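First up is the structure itself, then whatever we jot down about it.
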Number of protein chains: 2
Amino acid sequence: MRTYFPVAMVSKNPDHSVEIEISEEISGLRMTRQRREVYRILQQQRNHPTANDVFMRVKDRLPNISLATVYNCLEALVQHGIIRQVNFDRESSRYCPNLSEHGHFHDATTGVIHDVSFKPGINLADVLDLPPGAIIDGVEVTLRGKLVTS
Amino acid sequence: MRTYFPVAMVSKNPDHSVEIEISEEISGLRMTRQRREVYRILQQQRNHPTANDVFMRVKDRLPNISLATVYNCLEALVQHGIIRQVNFDRESSRYCPNLSEHGHFHDATTGVIHDVSFKPGINLADVLDLPPGAIIDGVEVTLRGKLVTS
DNA sequence: ATTATAATTGGAATAGTTCTTGATATTGAT
DNA sequence: ATCAATATCAAGAACTATTCCAATTATAAT
Ligand SMILES: [Mn+2]
Ligand SMILES: [Mn+2]
Ligand SMILES: [Zn+2]
Ligand SMILES: [Zn+2]
């Protein structure tokens with residue numbers, strides 16, 4: 001059972017750009033300028049960017065930020081349960097701001113990663129033959145395939 | 001729908017050691033001495049070893065084999081659907097000879113990886129809200145947690 | 001203000017994996 | 001059996017995502 005905090009307030013401007021207010025502290029993690037901008041990008045660009053993707057985008061607002069800091073920020077956000085890290089095989093890690101329980105479908109044709117939720121009422125542990133005594137801390141469901149748009 | 005080939009014959013000797021006969025060719029892949037020994041180790045040591053684990057063990061029988069060759073063999077076996085590659089986050093890849101559809105439970109206490117099968121009659125695609133038109137080629141289910149042996 | 005603690009930066013280091021190149025082995029045809 | 005074509009292997013170099021390190025800067029506490 002996870003508790004969700006209202007970490008961000010989204011509002012639309014007249015010019016359709018999106019403003020995100022991010023509080024000073026989230027889940028006990030101090031929101032420095034770097035962490036705030038990294039988190040903002042994940043909120044806005046919800047296509048599971050890599051650390052390098054985030055690095056390139058964040059430079060618009062913080063030209064002096066380093067890639068190491070982006071990794072540090074992402075790790076801090078992951079550690080505090082504010083974002084999720086998503087891995088496909090041996091590819092670069094990707095990052096996801098969607099905290100609801102979901103899996104990932106990787107479309108081999110376009111490379112796009114789609115969030116996939118479980119059908120209502122489904123508990124993954126129920127459909128698996130777990131070893132007796134297993135306490136599940138985390139689940140990852142990854143799918144590969146194609147999206148046929150007939 | 002996957003077709004299974006009878007790739008190995010297992011027999012026990014009087015001294016309880018295990019002999020494995022591996023055919024000359026599997027799924028169109030030529031079984032060289034190196035590939036045969038790599039595959040034999042995966043069959044015998046069913047604890048999802050890393051490439052380096054396999055490398056260390058295979059040197060008993062092929063003292064001159066190189067790590068690159070172990071990687072090449074593992075890749076060839078994976079490519080031909082004879083074994084599976086298993087990844088946990090950013091850890092080293094592990095290899096699994098169990099071709100039946102199954103997931104992996106990683107016990108954080110012992111480090112042991114347990115194969116986890118789906119309950120009979122369960123089709124994972126049925127419990128997921130897939131994007132319309134999605135054709136699933138592969139599924140990966142990974143669990144982390146503890147095994148309480150009370 | 002001073003001091004202590006935490007975060008950031010840039011570059012070096014690490015580690016798993018892949019690539020390259022030359023040697024060896026295997027296959028298939030003569 | 002000989003030869004040419006192809007496949008595989010070995011050794012080490014190269015690659016790349018990520019982490020580590022040391023120095024600097026920012027923030028928090030007193
Ligand atoms: Mn990308
Ligand atoms: Mn190991
Ligand atoms: Zn996601
Ligand atoms: Zn397995």
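Every chain is numbered from 1, with letters handed out A, B, ... down the list of sequences. Bear in mind the structure is a predicted one, so any value in this text is a computation, not a measurement.
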Worksheet item: CD of B:E25 versus C1' of D:dT8: gap in Å, rounded?
Response: 15 Å

Practice prompt. Would you check if B:V86 and B:Y95 make a side-chain contact, meaning some heavy-atom pair closer than 4.5 Å?
Written response: no

Discussion item. Working note: A:E75 + A:Y71, criterion side-chain hydrogen bond (donor to acceptor under 3.5 Å, both in side chains); need CA distance, chi angles, decisive distance, verdict.
Written reply: CA-CA 6 Å; A:E75 190 194 357; A:Y71 273 105; over 6 Å; no

Discussion item. Distance check needed: D:dA7 P versus B:E24 CD, whole Å only.
Written reply: 18 Å

Worksheet entry | Side-chain donor or acceptor of A:R84 paired with backbone N/O of A:P97 under 3.5 Å | no

Worksheet entry | Distance test, side-chain N/O of B:T32 to OP1/OP2 of C:dT26, below 4.0 Å | no

Worksheet item: Nearest-Å distance, CD (B:Q79) to C1' (C:dT18)?
Response: 13 Å

Response to the item:
By nearest-heavy-atom nucleotide on DNA chain C, the more 5' of A:R30 and A:R90 is A:R30

Fill in: A:L74, A:N98, A:D53 screened by side chain to side chain contact (heavy atoms under 4.5 Å, CB included) with A:L42, the one that passes
A:L74

Worksheet item: B:S92 side chain: which of C:dG11, C:dG16, C:dT8 is closest?
Response: C:dG16

Worksheet item: Base, sugar-phosphate alone, or nothing: which one does B:N64 contact when heavy atoms must sit under 4.0 Å apart?
Response: sugar-phosphate

Discussion item. Without decimals, in angstroms, what is the distance between B:E75 CD and D:dA7 P?
Written reply: 15 Å

Worksheet item: If you find the nucleotide of DNA chain D closest to A:A51 and the one closest to B:R33, which residue's nucleotide is nearer the 5' end?
Response: B:R33

Worksheet entry | Pairwise 5' ranking along DNA chain D for A:N87 and B:C73, keeping only the more 5' one | B:C73

Discussion item. Less than 4.0 angstrom between a side-chain N/O of B:S93 and OP1 or OP2 of C:dG16, yes or no?
Written reply: no

Worksheet item: CG of A:L67 versus P of C:dA12: gap in Å, rounded?
Response: 15 Å

Worksheet item: What's the CZ-C1' distance between B:R36 and D:dT8, to the nearest Å?
Response: 14 Å

Discussion item. Testing the 3.5 Å rule here: is there a donor-acceptor pair between the side chains of A:H106 and A:H104?
Written reply: no

Discussion item. Applying a 4.0 Å non-hydrogen cut-off, can you work out what A:T69 is touching in the nucleic acid: base, sugar-phosphate, or nothing?
Written reply: base

Discussion item. Base, sugar-phosphate or nothing for B:Q34? Non-hydrogen atoms, less than 4.0 Å.
Written reply: sugar-phosphate

Worksheet, complete the sentence: Between CE of A:M31 and P of C:dA7 the distance, given in whole Å, is 11 Å

Discussion item. Tell me the interatomic distance from B:Y71, atom OH, to D:dA10, atom P, rounded to whole angstroms.
Written reply: 15 Å

